[in-house]
Every structure is written in C-alpha cells, then in structure tokens.
Amino acid sequence: MGHVLALAMQKGGVGKTTTTLSLGFVLAERGRRVLLIDLDPQSNLTQGLGVDPSALDYSVYEVLLNPERGTAFATITTSSGVDLIPSSLDLAGAELELAGKVGRELLLRKALRETRTKYDYILLDPPPSLGLFSLNALAAADAVLVPMQMHAYALKAMPQLEQTIELVREIQPSLVIGGIVCTLADRRTNLSLQVEQQVREQYGDLVFTTVIPINVKLAEAPTVGIPIGSYAPHSAGALAYAALADELEARYG
C-alpha cells in the first residue's frame, strides 16, 4: 500500500508545488512508483511537468466527478518519470458543481482506493486555501507534509492548518502531520535563522533536518517545464531536495 501525502499550507508562495514536483522527481529517479495529483485550478504542478492544461482529454476534474472510475483514465505518464493526474481550467468552476454531491469531501479518497496499491508514493498538491479541493486532499491522505517559508509570518499560518487537520480527523482519524519542510530559506540573514530556530523549538522532530534554500535555478525550472533535479541537478536546490527525499524515505520506507 503506497503512502498518500498531502503537501498543504493555507498560505501561498511557500514552495508547496516546487516541493511536490521536486520530491516526486527524486523518488521516481530512485525507482519508486510515484503519482502526483494537481488539485489546484492554477495548474502550476501540471505546467511544471511540461503539460499544457488546455490540451487535456481528462484531468482531476473528471476524477472528482466520477470517483467510481478510479484514476487510471486521467493519469499521464510524463517524461520526468512520474505519473501525473493534471489539473485544468475546468477545475475552477468545479467546486460549485461538486458542492451538492453526497460525501463531497471524500471523492478523491474514493477514487484512490485501488490506485494507492499501484504506487509507492502519491503526492497531492492542493490550493493554498481551505476549500473543497484541500479538504479532499487531506481526507485522502495518510499524512500532511507542511512546506513552511522562513519568513516572519510563517508560524502564524500553522494554527489554522492544525485546526483544519483536527476537523478532517472526524472523517480521516489517522491523519497526522508527517513533517515540516523549511523552505525559501536565506541563511545569510538573521531573520531566516531566527524563524528556523523557532520552528524547530516549537515542532521538534517533526521538522526535517534538510532546509530548502532560496535558489535561482528552483525559480527557473518551472518556467521550462522541467523538475529541478533534471534542469540543474547540481544546483543547491536540487541537492537539497535529494537530501529531503533521503529523510522522507527514512520516515516512510
């Protein structure tokens, strides 16, 4: 049975999609069977893998509308070695369409019942907001990986996420925070170091040792639709995500 991990933070610009994509690529390179699911109408994960969201036959939209069909019909095998269920612009209006469905928070979980036996890791990339797609990601996940930007307001976003996780535990009792990733860190500044220290003091072993730095190559890679591990494999960003993958595998096997 594969590990289903939701990368969630109710704050944008924290490196959530970059972490999903970069981790997925490294794990696939190591021979793991990896599925990435883009649940964000902005389709950044989809585009980061070089897939045009406007030229799709099926997307996660159809998966949520028809969970009994599973996910294989909407899954794309990418040149980066990971499988992808892409997002499309149709997803933007789907929240209203899905609102009347019974068990609407459990649609993705239902769709993944058989899928999770076919992969070692399924990484979910929901939007940076508390809505139906984020709730579906959390309800389908075994654990939440939290990307946390090393910024003054970083810790202020955590209580809301923790409250959301508590609510989701009513339908997914085993859901836990599986780890916190320090992202967009500039260790040349006192602020970044101070925030990192606060995060480690407050959350202890939940925080991964690896810190993801601010890195130009990490910003460039999505614009050309190539994961950082392929675009600039020797860059600081790629090396950091390789180290993070080591830690993730140590936790989850």
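Computed over heavy atoms, backbone and side chain alike; hydrogens, waters and symmetry mates excluded. For clarity, every value in this text was computed on a predicted model and none was experimentally measured.
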* To do: Starting from the C-alpha separation in whole Å, work towards a yes-or-no answer on side-chain contact (heavy atoms from CB on, under 4.5 Å) for Tyr231 and Thr223.
  => CA-CA 11 Å; Tyr231 177 71; Thr223 66; over 6 Å; no
* **Exercise: do Thr17 and Asn44 side chains pair donor with acceptor under 3.5 Å** => no
* Asked: Are side-chain N/O atoms of Tyr119 and Asp83 paired as donor and acceptor at under 3.5 Å?
  -> yes
* Asked: Under 4.5 Å between any side-chain heavy atoms of Ser87 and Leu45, yes or no?
  -> no
* **Min side-chain heavy-atom separation Cys182-Val207 under 4.5 Å** => yes
* Given the rule that I, L, V, M, F, W and Y join up when any side-chain heavy atoms are under 4.5 Å apart, are Ile37 and Val144 in one cluster? -> no
* Nearest heavy atoms of Ala240 and Pro213, plus distance in Å -> CB-CD, 3.7 Å
* Asked: Does any non-hydrogen side-chain atom of Lys110 lie less than 4.5 Å from one of Leu107?
  -> no
* Asked: Is there a donor-acceptor pair under 3.5 Å between the side chain of Gln172 and the backbone N or O of Ala141?
  -> yes
* Basic-acidic side-chain contact under 4.0 Å: Arg251, Asp205 -> no
* Starting at CG of Leu138, measure out to CG of Leu167 and round the result to the nearest 0.5 Å. => 10.5 Å
* With the 4.5 Å side-chain cut-off for hydrophobic clustering, are Met158 and Val168 part of the same group? -> yes
* **Heavy-atom closest pair, residues Thr71 and Ala111** => CG2-O, 3.6 Å
* To do: Indicate yes or no: at least one non-hydrogen side-chain atom of Arg32 is less than 4.5 angstrom from one of Val26.
  => no
* **Flag side-chain contact, heavy atom, 4.5 Å: Leu248 against Leu145** => yes
* Treating Ile, Leu, Val, Met, Phe, Trp and Tyr as nodes and any side-chain heavy-atom pair under 4.5 angstrom as an edge, say whether Leu244 and Leu206 lie in one connected cluster. => no
* To do: Supply the atom-to-atom distance Met148 CE to Tyr153 OH, rounded to the nearest 0.5 angstrom.
  => 15.5 Å
* Asked: When hydrophobic residues are tied together by side-chain contacts of less than 4.5 Å, even through go-betweens, does Leu123 share a cluster with Tyr252?
  -> yes
* Which pair of heavy atoms, one from Ala154 and one from Gln149, lies closest together, and at what distance? -> CB-O, 2.8 Å
* Structure fact -> For Pro233 and Ser230 the tightest heavy-atom approach is CD-O, 3.7 Å
* For Leu108 and Leu124, run side-chain contact (heavy atoms from CB on, under 4.5 Å): C-alpha distance rounded to whole Å, both residues' side-chain angles, the deciding distance at 0.1 Å, then the answer. => CA-CA 10 Å; Leu108 183 61; Leu124 313 177; 4.1 Å; yes
* Is there a donor-acceptor contact under 3.5 Å linking the side chains of Gln198 and Gln194? -> no
* Structure fact -> Looking only at heavy atoms, the pair that brings Leu36 and Val34 closest together is CD2-CG1, 3.8 Å
* To do: Tell me, with the steps shown, if Asp125 and Leu21 meet side-chain contact (heavy atoms from CB on, under 4.5 Å).
  => CA-CA 9 Å; Asp125 184 24; Leu21 177 55; over 6 Å; no
* Asked: Nearest 0.5 Å, what's the CG-CD distance between Asn215 and Glu220?
  -> 8.5 Å
* Looking only at non-hydrogen atoms, find the nearest pair between Ala139 and Leu106 and report the distance. => CB-CD2, 4.0 Å
* Structure fact -> The complete set of side chain to side chain donor-acceptor pair (under 3.5 Å) pairs with one or both residues in residues 47-66, sequence neighbours excluded, reads Asp52-Ser54, Ser59-Glu62, Ser59-Ser88, Tyr61-Glu97
* Structure fact -> Distance col, row Phe133:CZ vs Asp38:CG, nearest 0.5 angstrom, shows 11.0 Å
* Does any N or O in the side chain of Arg200 come within less than 3.5 Å of the main-chain N or O of Thr209, such that one atom is a donor and the other an acceptor? -> yes
* Walk me through it: do Asp120 and Leu27 pass the test side-chain contact (heavy atoms from CB on, under 4.5 Å)? => CA-CA 9 Å; Asp120 299 307; Leu27 292 167; over 6 Å; no
* **Heavy-atom donor-acceptor pair, Asn136 side chain to Arg104 backbone, under 3.5 Å** => yes
* Roughly how far apart are Ile228 CD1 and Lys217 NZ, rounded to 0.5 Å? -> 8.0 Å
* **Residue pair Leu39 / Ser134, side-chain heavy-atom distance below 4.5 Å** => no
* Asked: Out of curiosity, does Leu193 fall in the hydrophobic cluster containing Val199 (side-chain heavy atoms, cut-off under 4.5 Å, transitive links)?
  -> no
* Please answer whether the main-chain N or O of Gly70 pairs with a side-chain N or O of Glu114 as donor and acceptor at a distance below 3.5 Å. => no
* To do: Answer whether the closest heavy-atom distance between the side chains of Leu49 and Ile76 falls below 4.5 Å.
  => no
* Asked: Does Val195 reach the side chain of His151, with side-chain heavy atoms less than 4.5 Å apart?
  -> no
* To do: May I ask you to decide if Pro86's main-chain N or O and Thr46's side chain share a donor-acceptor pair within less than 3.5 Å?
  => no
* **From CZ (Arg109) to CG (Leu135), nearest 0.5 Å** => 13.0 Å
* Carboxylate-amine/guanidinium proximity below 4.0 Å for Arg116 and Asp142 -> yes
* Ignoring hydrogens and angles, tell me if any N or O in the side chain of Thr183 forms a donor-acceptor pair with the backbone of Val14 under 3.5 Å. => yes
